[in-house]
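Computed from heavy atoms alone, side chains included, the values below leave out hydrogens, waters and symmetry copies. Bear in mind the structure is a predicted one, so any value in this text is a computation, not a measurement. Start at 1 with the first residue, then count along the sequence.
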Amino acid sequence: MNQPKNNALQNSRVSSLDHYKKSYKDSVEFPEKFWGEISERINWVEPWDSVSNYNFRKGEISWFSGGKL
């Protein structure tokens with residue numbers, strides 16, 4: 001497998017394949033916590049009330065309800 005060049009790694013939020021695998025695992029196992037932390041990188045005009053609301057039976061999902069950018 002090709003490795004990214006050093007400057008790509010320095011500018012990345014993912015420092016290694018192991019870091020990527022852990023982040024992916026966290027995103028699947030603890031999505032509310034994971035995406036809530038990721039959303040802190042954004043300057044919200046109004047903060048969100050919940051990370052996600054979904055009903056897979058109806059095919060409905062919303063992200064960061066109540067938040068305004």
Side-chain angles (χ1 to χ4, degrees):
M1 176 186 266
N2 291 335
Q3 294 293 319
K5 297 186 187 265
N6 285 341
N7 62 346
L9 284 175
Q10 290 171 350
N11 295 322
S12 173
R13 294 190 185 269
V14 180
S15 58
S16 67
L17 182 57
D18 287 338
H19 181 225
Y20 170 80
K21 287 178 180 180
K22 182 183 181 324
S23 294
Y24 176 78
K25 183 179 178 193
D26 290 346
S27 76
V28 172
E29 292 180 0
F30 311 104
E32 298 286 321
K33 180 178 185 293
F34 178 83
W35 290 110
E37 290 173 357
I38 295 294
S39 77
E40 293 174 7
R41 299 177 188 169
I42 299 171
N43 294 321
W44 295 89
V45 173
E46 290 185 31
W48 43 267
D49 300 315
S50 62
V51 172
S52 66
N53 295 302
Y54 55 88
N55 182 325
F56 290 131
R57 289 183 189 262
K58 293 182 179 180
E60 299 172 348
I61 188 164
S62 62
W63 291 92
F64 304 106
S65 297
K68 293 188 180 180
L69 298 175

Shared hydrophobic cluster, F30 / I38 (ILVMFWY, side-chain heavy atoms < 4.5 Å):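 They do not share one cluster, since no chain of ILVMFWY contacts under 4.5 Å joins F30 to I38.
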hydrophobic_cluster_shared for Y24 and F34, side chain cutoff 4.5 Å: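 No.
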Residues D26 and K22 bridged, charged N to O under 4.0 Å: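 Yes, this pair counts.
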Rounded to the nearest 0.5 Å, what separation is found between the [atom1] atom of [X] and the [atom2] atom of [Y]?
| X | Y | atom1 | atom2 | result |
| --- | --- | --- | --- | --- |
| S65 | W48 | OG | CH2 | 10.0 Å |
| W44 | S39 | CH2 | OG | 6.0 Å |
| N53 | W63 | CG | CH2 | 10.0 Å |
| Y20 | S15 | OH | OG | 14.0 Å |

Closest approach of H19 to V14 (non-hydrogen atoms, all atoms of both residues):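 The answer is ND1-CA, 3.3 Å.
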Residue that, paired with V51, satisfies side-chain contact (heavy atoms from CB on, under 4.5 Å) out of E37, E32, K33: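 Only one option passes, and that is E32.
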Residue pair W35, S52: steps toward the side-chain hydrogen bond (donor to acceptor under 3.5 Å, both in side chains) verdict: CA-CA 9 Å; W35 290 110; S52 66; over 6 Å; no
